[in-house]
Amino acid sequence: MRIVVPNRAKATLHDGAAYVNTQILEGNNPVNTENSCPRCGEERLKAWADLNEDERQIVPRLPMAVDEPLAERQKTHLWCTRCWYEAIDQGTMA
């Protein structure tokens with residue numbers, strides 16, 4: 001027996017990501033908190049102290065590592081552990 005699925009019913013990961021990105025750009029982000037990730041919508045960006053050991057090993061390999069030393073990034077940056085978006089925490093800037 002062969003089951004035929006209409007094309008419109010075939011969802012892909014990319015379609016879901018495009019939908020989420022469109023919703024965020026239109027301001028319909030269901031998780032619209034101050035520290036949510038602007039790229040993927042994860043509920044909370046994490047400071048260095050909130051990262052576990054495995055996550056801390058990834059941070060030095062991210063693109064911003066070229067521009068700023070790790071010690072400075074530990075004090076002032078936030079990370080999304082879902083997509084690895086990196087942001088500067090404006091609350092720590094004095």
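Residues passing the side chain to side chain contact (heavy atoms under 4.5 Å, CB included) test with Ile58, sequence neighbours excluded: Leu62, Trp84.
In terms of heavy atoms, Cys83 sits closest to Cys37 at SG-SG, 3.6 Å.
Taking 4.5 Å as the limit, every side-chain heavy atom of Glu43 sits out of range of all side-chain heavy atoms of Ser36. Under the 4.5 Å side-chain criterion, counting only non-hydrogen atoms from C-beta, Pro38 is in contact with Tyr85. Between Trp48 and Leu70 there is a side-chain heavy-atom pair separated by less than 4.5 Å.
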Residue pair Asp89, Leu78: steps toward the side chain to side chain contact (heavy atoms under 4.5 Å, CB included) verdict: CA-CA 6 Å; Asp89 183 8; Leu78 300 171; 3.7 Å; yes

Steps toward side chain to side chain contact (heavy atoms under 4.5 Å, CB included) verdict (Trp79, Leu51): CA-CA 9 Å; Trp79 294 270; Leu51 299 175; 3.8 Å; yes

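To the nearest 0.5 Å, atom CZ of residue Arg39 and atom CD of residue Glu86 are 10.0 Å apart. Rounded to the nearest 0.5 Å, atoms CG (Asn52) and CD (Gln57) are 9.0 Å apart.
The salt bridge (Lys or Arg N to Asp or Glu O under 4.0 Å) contacts involving residues 47-69 comprise Arg44-Asp50, Lys46-Glu55, where partners must be two or more places apart or lie in separate chains.
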